[in-house]
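Let me begin by presenting the structure, written as structure tokens, before commenting on it.
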Protein chains: 2
Amino acid sequence: MATIKDVAERSGVAPSTVSYVLSGSRKISDETRGRVLEAVRELGYHPRASARTLRSSRSSVLALAVPREAGKYRAVDGRFAVEISDAARVHGFDVLLMTDPDGVRGLRRVAGSGLADAAVLMAVEEGDPRVRAMTAAGFPVALLGHGDARDETEVPWVDLDWEAAVALAVREAAAAGHRHIAFLSSAEHEITSRRGYALHGLAGARRAARQTGAEVTVRASSEDPGVAAARVRELLAAERPPTALVVQHLIPLPQVLAELSAGGVRLPEELAVVPVGTIPDESGLPELPRIDLPVSRMAAAVTGLALAAAEALPPSGGEPAESGPRHELFEPRMAAGVPIAPPRTPNAH
Amino acid sequence: MATIKDVAERSGVAPSTVSYVLSGSRKISDETRGRVLEAVRELGYHPRASARTLRSSRSSVLALAVPREAGKYRAVDGRFAVEISDAARVHGFDVLLMTDPDGVRGLRRVAGSGLADAAVLMAVEEGDPRVRAMTAAGFPVALLGHGDARDETEVPWVDLDWEAAVALAVREAAAAGHRHIAFLSSAEHEITSRRGYALHGLAGARRAARQTGAEVTVRASSEDPGVAAARVRELLAAERPPTALVVQHLIPLPQVLAELSAGGVRLPEELAVVPVGTIPDESGLPELPRIDLPVSRMAAAVTGLALAAAEALPPSGGEPAESGPRHELFEPRMAAGVPIAPPRTPNAH
DNA sequence: CCACCTCATCGAAACGATTCGACGAAGCGA
DNA sequence: TCGCTTCGTCGAATCGTTTCGATGAGGTGG
């Protein structure tokens, strides 16, 4: 493998000159530059990342902490990972995938060893130990999703506005003519442990109910898809059943749909189902009207925040620039393509 | 940030001694070792990855080339990425995510700069330029999936045995009593460009037809989900329609199911659908009998092959060990849980 | 008592880049 | 013609490890 010294010898200059040609940080005569660049091409020279990092203490690597509890994997995480990698490349950064179930240990190692300049933490939950560990270590991070607990206000984060998202779904259903709308919210344990997105979703449903005057029946979902499906069946068995169903908890959705279908419920004529927070392009679900996550934009934003935080540290360690920690809440939109079907017997107005 | 020198000073030894304590590559008295380890703990010392890599020219990083054509993203890729990261961690390796649409450029950069010691290439296609580029550069790689073209026989790879997988699906359907089975194979363009998995799938269907004596009707799928769905409708409109449908091309599956359902076809009573090659745990589809990809085992295998290839190079550059390039074809199994429903009016035997 | 060996530790030389100060050669005005 | 500035390039120090040979203390056998 060619080194900078080889390039220097072949082009008859000093190694430092080669470095200046490549970095452009000092003026070099056109003639010399030409010789050097030719030698670089002939030798297929690539600077060693390790030498560069050792000298400059900047790695141009962004660590990405993917949540990994008990071997579970959510499709949305993979999608975000790829999008964040794309966004990082635009800034000249590579992405290091961290899937350690003990996220704190992996992050500490990466931060301590200088493998990465900053980290994006995915799926942060209230009081997440990873956030504390990283801020304590003074390592630049940005959070993706669910981050608005008290100790997280000093750290930049990006999230979907879940309240607005659920409210939008309910309003759109109402606009399609539905007067009785069911809302399958987050799982019980997410509500009782007061996860931000769970509470926000509930608030959004209430708000939209007030605004539209539609009747909105709320049911908590469950970790067990069978239980969730049972709750939906219950709703439909009521005397005046809902004609639309807004779903925030996506995990049991396939089974809910399957059971409804098996139970003879015609979709969407008898029940218009509107999931909230799905991945665009490939949900694996039959096509439904839905509220999509703006994955690309959120990924670009959180990457930008993480890299900005990384830049803010090195120079003199002074105040982290004046822009301070930044937060970004994304407005939901309805996915284009499939409109919400009107109820079969609309309660006309 | 503490360096090895700080640790040495605090424990009253030379830096080299600290290094020997940490690496264990020379014997150090228990007393000295104790003092050093204490200093390490007190200072929270982590070796700089860059310095270590510079000196040893081993980075303990595995590059992972994720296919990324035209912004498309397949859920299965994310799943493999996470599993490969898990497998790499077991060997003390981190994973660098490469999502460059021009895979060759990104890989060249990583190989040339010494950012990684080896690479796993996902979704390799016949005559993939990435494979040529990496073997030309002498960079150790292992391939995941679809790799059995001629120039790829020298490179280790791992794949699902698609012929066996489709054959298994057909045999299981036949065993459930189905005598007329449809097979929705890969998309036309995959067949005409002779992709390995496409041809193998077709061969598997033919083989199972011979073995079971069942009638197997083959239809190519299409990139356009609407076209694929139309072909399935056509099949069902035949005089003697199939009672089971084996599907290799998963992309249009949601729409196919939706249209069947909308068209009044009762699943699985009128048509038992069996997808091949889905992701376990979270397909996003309603629960169907299916042939799953053994993602974890394939990820572990391909990771092992890539790291073995990396080890084989450094020492003297001699013959790449005696084990040579290795290939591993995985046997499919039916996912547990959902059996294939028998036909409504079984052609009893 | 001396030569020799083992054992634990040390010192110094890499690894390959970046970057600061220095330095010679021109160019310029006086 | 002399001193001063500008321009292009060089040399050397530095980043933090690993690892090879050296070194000195202590033990052993003849």
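Please read these numbers as outputs of a predicted model, since none were measured by experiment. Here is the naming used below: chain letters follow the sequence lines, and residue numbers restart at 1 for every chain.
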Which nucleotide in the list [options] gets nearest to the side chain of [X]?
X	options	result
B:Thr17	C:dG16, D:dA12, C:dT9	C:dT9
A:Lys27	C:dT9, D:dG8, D:dG16	D:dG8
A:Ser19	D:dT9, C:dG16, C:dT18	C:dT18
B:Arg26	D:dG8, C:dA17, C:dT9	C:dT9
B:Ala14	C:dC10, D:dG16, D:dT17	C:dC10

Between [X] ([atom1]) and [N] ([atom2]), how many Å, whole number?
X	N	atom1	atom2	result
B:Leu115	C:dG16	CG	C1'	14 Å
A:Ile28	D:dC7	CD1	P	13 Å
B:Tyr45	D:dG16	OH	P	10 Å
A:Asp6	C:dA17	CG	P	9 Å
B:Glu31	C:dC7	CD	C1'	15 Å
B:His46	D:dC15	NE2	P	21 Å
B:Leu54	C:dA14	CG	P	14 Å
B:Ile4	C:dA12	CD1	P	16 Å

Is there a donor-acceptor contact under 3.5 Å from the side chain of B:His46 to the main chain of B:Met1?
-> no
Side-chain-base donor-acceptor pair under 3.5 Å for [X] and [N]:
X	N	result
B:Arg55	C:dA14	yes
B:Tyr20	C:dC7	no
B:Arg52	D:dT17	no

Would a 4.5 Å heavy-atom cut-off, applied to side chains only, mark [X] and [Y] as touching?
X	Y	value
A:Met298	A:Val295	no
A:Val13	A:Val18	yes
B:Val21	B:Leu37	yes

A:Asp100/A:Arg109 under salt bridge (Lys or Arg N to Asp or Glu O under 4.0 Å): CA gap, chis, key distance, verdict | CA-CA 11 Å; A:Asp100 201 316; A:Arg109 186 172 53 81; 5.7 Å; no
Just to be sure I understand the rule, does [X] reach a base, reach only the sugar-phosphate, or reach nothing, if contact means heavy atoms closer than 4.0 Å?
X	result
B:Ser29	sugar-phosphate
A:Val18	nothing
B:Gly114	nothing

If you pin B:Ser16 and B:Ser56 to their nearest nucleotides in DNA chain C, which one's is more 5'?
-> B:Ser16
